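What follows is a set of notes on a single structure, which appears directly below.
Residue numbers begin at 1 in each chain, while the letters A, B, ... track the order of the sequences. Only a predicted model underlies this, so the values are computations on that prediction, with no experimental measurement involved. The basis for the numbers below is simple: all heavy atoms, side chains too, and nothing from hydrogens, waters or symmetry mates.
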Amino acid sequence: MNYWLVKTEPATFSWEKLEKEGISMWDGVRNYQARNNLRKMRCNDLVLFYHSGKNPAIVGLAEVVKEHYPDPTAKEGDWSVVDIRPVRKFKRNITLQEIKQVKILENMVLLRNSRLSVQPVGLGEYQNLLNLEQEK
DNA sequence: GCCAACGTTGGC
DNA sequence: GCCAACGTTGGC
């Protein structure tokens, strides 16, 4: 089992929309590194769902339900999508600001390469984030 | 709205 | 193959 994080502008595709749609196709990825990460996702892998823009934060947890297949929205090029579904909304948002303050999380791709929209998350990082959620 | 970081494009 | 120019992302 692997752990991931996907970023999205809430105006483009929000957590609320994911909950409303249920199983959703994660399309529109047009970055090779992000695409390659999509292709490494396996069914049942867990995906932290991150809102970028105003009040950047992890807001919920999703799950991969269908492994990669060609992106039907791509007019050209070799692009992929996966299907995800919402697992649960976090009981509170874990903000970028507080993630930055946790020493153990300083190597997260989220902080090291803030522009990568589909990124791996280490097991230790994942567990730490869940612990953070329980605090406060 | 600004700007840093990163990716892509295209001339040479 | 290098690099300047440009476009995009995303935090602030």
Practice task
With heavy atoms under 4.0 Å as the rule, sort A:L116 into base, sugar-phosphate or nothing.
Solution key: nothing

Practice task
Please work out if A:Q33 contacts a base, only the sugar-phosphate, or nothing of the nucleic acid, heavy-atom cut-off 4.0 Å.
Solution key: sugar-phosphate

Practice task
Give the ring-plane orientation class for A:F49 versus A:F13, where under 30° counts as parallel, over 60° as perpendicular and anything between as tilted.
Solution key: tilted

Round to a whole Å and report the spacing from [atom1] of [X] to [atom2] of [N].
X: A:E9; N: C:dT9; atom1: CD; atom2: P; result: 9 Å
X: A:N113; N: C:dG10; atom1: CG; atom2: P; result: 10 Å
X: A:R112; N: B:dA4; atom1: CZ; atom2: C1'; result: 17 Å
X: A:K54; N: C:dC12; atom1: NZ; atom2: C1'; result: 13 Å
X: A:K100; N: C:dG11; atom1: NZ; atom2: P; result: 8 Å
X: A:L110; N: B:dC6; atom1: CG; atom2: P; result: 13 Å
X: A:E76; N: B:dT9; atom1: CD; atom2: C1'; result: 14 Å
X: A:R30; N: C:dG7; atom1: CZ; atom2: C1'; result: 16 Å

Practice task
Compute whether any side-chain donor of one residue and acceptor of the other, for A:N37 and A:W4, lie under 3.5 angstrom apart.
Solution key: no

Handout entry: Side-chain N or O of A:Y50 closer than 4.0 Å to phosphate OP1/OP2 of C:dT9
Key = no

Practice task
Give a yes/no answer on whether the side chain of A:K7 brings an N or O atom under 4.0 Å of OP1 or OP2 in C:dG11.
Solution key: yes

Practice task
Kindly say whether the aromatic ring centers of A:Y69 and A:W79 come within a distance under 6.0 Å.
Solution key: no

Exercise for the section: Taking A:E63 for its side chain and A:V47 for its backbone only, find out whether a donor-acceptor pair lies under 3.5 Å. Expected result: no

Problem - Side chain of A:R115 (C-beta onward), nearest among C:dG10, B:dC6, B:dT8 - result: B:dC6

